[in-house]
**Q** 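This structure is in structure tokens; I'll ask about it shortly.
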2 protein chains.
Amino acid sequence: MLKKGGERKEVLRALGEVFRAHGYEGASLTLITEATGLGKGSLYHLFPGGKEQMAGEVLAEIDGWFEVNIYAPLREADDPARAIAAMIAGVDQYFHSGDRICLVGLVALGAARDTFAESVDSYFARWQHALAQLLRRSGLSKSQAQRRAEDALLTIQGALVLARARNDAGIFRRALTELTKRLLAPSD
Amino acid sequence: MLKKGGERKEVLRALGEVFRAHGYEGASLTLITEATGLGKGSLYHLFPGGKEQMAGEVLAEIDGWFEVNIYAPLREADDPARAIAAMIAGVDQYFHSGDRICLVGLVALGAARDTFAESVDSYFARWQHALAQLLRRSGLSKSQAQRRAEDALLTIQGALVLARARNDAGIFRRALTELTKRLLAPSD
DNA sequence: GAGAGATTGTACCGATCGGTACAGAGAGTC
DNA sequence: GACTCTCTGTACCGATCGGTACAATCTCTC
């Protein structure tokens, strides 16, 4: 039955939801077998490295999604307004308008941070870089562009945290609207 | 030896750091005994409700600190610029300029969210309300004030997440500076 | 359909989990 | 110094943790 990639992706998706819901340490093997429908035998056959490999691959999968759907379009765009609107739309879609959490952020806050430090840093660094480059092309200075890109990332993370904390997805939507305006504002 | 309050505070402080470092589920009794220097006997004598009570009291302690040092000054202030500067300074101090995490945010993201939902919501709601009231007094409309207060909270949370993720406390400091400007900007 | 290799369920491992029981130490009172 | 009540160290509980071992099963190839 040689995993053709499609099945493994499906398992990774389920794994992602478990990690999102319970964190890295909270995602027990029992929860994982329930969420994936796979017994321990299959799980350790698929991921000989255990939980750490599972989480690592989930993070890589997320990274890949953002690379394709967010970073690359940002890099290739020539119309800043359209590119930013597309990024915001992509982010809104990915995070289910605030109902879904950012697993990368969650891992960053947890005790497992050090284990996945490189993935976590790279995820944000590449995002910031791609966005800053676009902003530069739109006429901002290098430092301005970097600062605004940083602001964008932190706004998204903060909005996800606050939306979750207050159980109000509207916070996320409002933050994205406001963020779009800030990103497109003239140099100050 | 009747805990005179002072000692319990000291224990709560240590507990807070354990929860911050390992999350609610990750903070094992072993870690807790090490961090507090208290055996299980003492721990369960002090907190018959176990881990849940410990975390609950830690959250209440944090809430109390913000009530006294952040919310109340905000409510009583008449000079918005000074009050906002004081709030930012207090936040910077509390979070050790970005080295320390927000336990309330961490709990909100984790599986224990539901257990402490009320504390978490109240912490942010009262902060937002106190800040929005101040902004109203400075001339902003009700919705403007609420929106800006929401932006402030989310910026702080996001900055903490991103600073941790990228291991760069500068992110937090820059965000606070920028936030001060945004809060004090004329109505837009 | 026999053989090979991939895949799986189940039993099991030692360690650790949160929590309880309780005897005894410690401190204050008379 | 005996009594009382607070406090604490230790042993122990059943459950669950992440992980391993392995025989049985499935699927494909020839």
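As the structure is a prediction and not an experimental result, all values here were calculated from the model. The sequence lines fix the lettering, A, B, ..., with proteins before strands; numbering per chain opens at 1.
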**Q** Between the side chains of A/Arg100 and A/Glu17, is the shortest nitrogen-to-carboxylate-oxygen separation below 4.0 Å, so that they form an ion pair?
**A**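 Between A/Arg100 and A/Glu17 there is a salt bridge, with a charged N closer than 4.0 Å to a carboxylate O.
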**Q** According to salt bridge (charged side-chain N to carboxylate O under 4.0 Å, His left out), who are the partners of A/Glu25, at least two apart in sequence or on a separate chain?
**A**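 Per chain and number, A/Glu25 pairs via salt bridge (charged side-chain N to carboxylate O under 4.0 Å, His left out) with no residue.
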**Q** Which atom pairs, one a donor and one an acceptor, fall under 3.5 Å between side chains of residues 125-133 of chain A and the rest of the protein, sequence neighbours left out?
**A**
from, atom 1, to, atom 2, distance (Å)
A/Arg126, NH1, A/Asp63, OD1, 2.9
A/Arg126, NH1, A/Asp63, OD2, 2.9
A/Arg126, NH1, A/Ser122, OG, 2.9
A/Arg126, NH2, A/Asp63, OD1, 2.8
A/Arg126, NH2, A/Glu67, OE1, 2.7
A/Gln128, OE1, B/Arg166, NH1, 3.0
A/Gln128, NE2, A/Gln146, O, 3.2

**Q** Looking at residues at least two apart in the chain, or sitting in another chain, which of them share a ring-ring contact (aromatic ring centres under 6.0 Å, His included) with A/Phe116?
**A**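 Only A/Tyr24 meet the ring-ring contact (aromatic ring centres under 6.0 Å, His included) criterion with A/Phe116.
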**Q** Any side-chain N or O of A/His45 under 4.0 Å from OP1/OP2 of C/dT8?
**A**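 Checking A/His45 against C/dT8: no side-chain N or O falls below 4.0 Å of OP1 or OP2.
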**Q** Between B/Asp168 and B/Arg174, is there a side-chain N and carboxylate O pair less than 4.0 Å apart?
**A** yes
**Q** Provide, to the nearest angstrom, the distance between the CG atom belonging to A/Leu46 and the C1' atom belonging to C/dT7.
**A** 9 Å
**Q** When the distance from CZ of A/Arg8 to C1' of C/dT7 is rounded to whole Å, what number comes out?
**A**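 The answer, rounded to whole Å, is 13 Å.
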**Q** Side chain to side chain donor-acceptor pair (under 3.5 Å) with B/Glu34: which residues, sequence neighbours excluded?
**A**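 Partners of B/Glu34 under the side chain to side chain donor-acceptor pair (under 3.5 Å) test: none.
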**Q** Against the six-membered ring of A/Phe47, is A/Arg8 placed for a cation-pi contact (under 6.0 Å from the centre, within 45° of the normal)?
**A**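 Yes, cation above the ring, under 6.0 Å and within 45°.
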**Q** What does the list of N/O pairs under 3.5 Å between the protein and nucleotides 16-20 of chain C look like, with a distance for each?
**A**
from, atom 1, to, atom 2, distance (Å)
C/dC17, OP1, B/Ser28, OG, 3.0
C/dC17, OP2, B/Thr30, OG1, 2.8
C/dG18, OP1, B/Ala27, O, 3.4
C/dG18, OP1, B/Lys51, NZ, 2.9
C/dG18, OP2, B/Leu29, N, 2.6
C/dG19, OP2, B/Tyr44, OH, 2.6
C/dG19, OP2, B/Lys51, N, 3.2
C/dG19, O5', B/Tyr44, OH, 3.2
C/dG19, N7, B/Lys40, NZ, 3.1
C/dG19, O6, B/Lys40, NZ, 2.1

**Q** Would you mind reading off the bend of the helix from C/dG1-D/dC30 to C/dC30-D/dG1 from its two end axes, five pairs each, to 10 degrees?
**A**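 Axis-to-axis angle, ends of the helix: 10°.
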**Q** Where does the angle between the aromatic ring planes of A/Tyr123 and A/Phe66 fall among parallel (under 30°), tilted (30 to 60°) and perpendicular (over 60°)?
**A**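 Correct class here is perpendicular.
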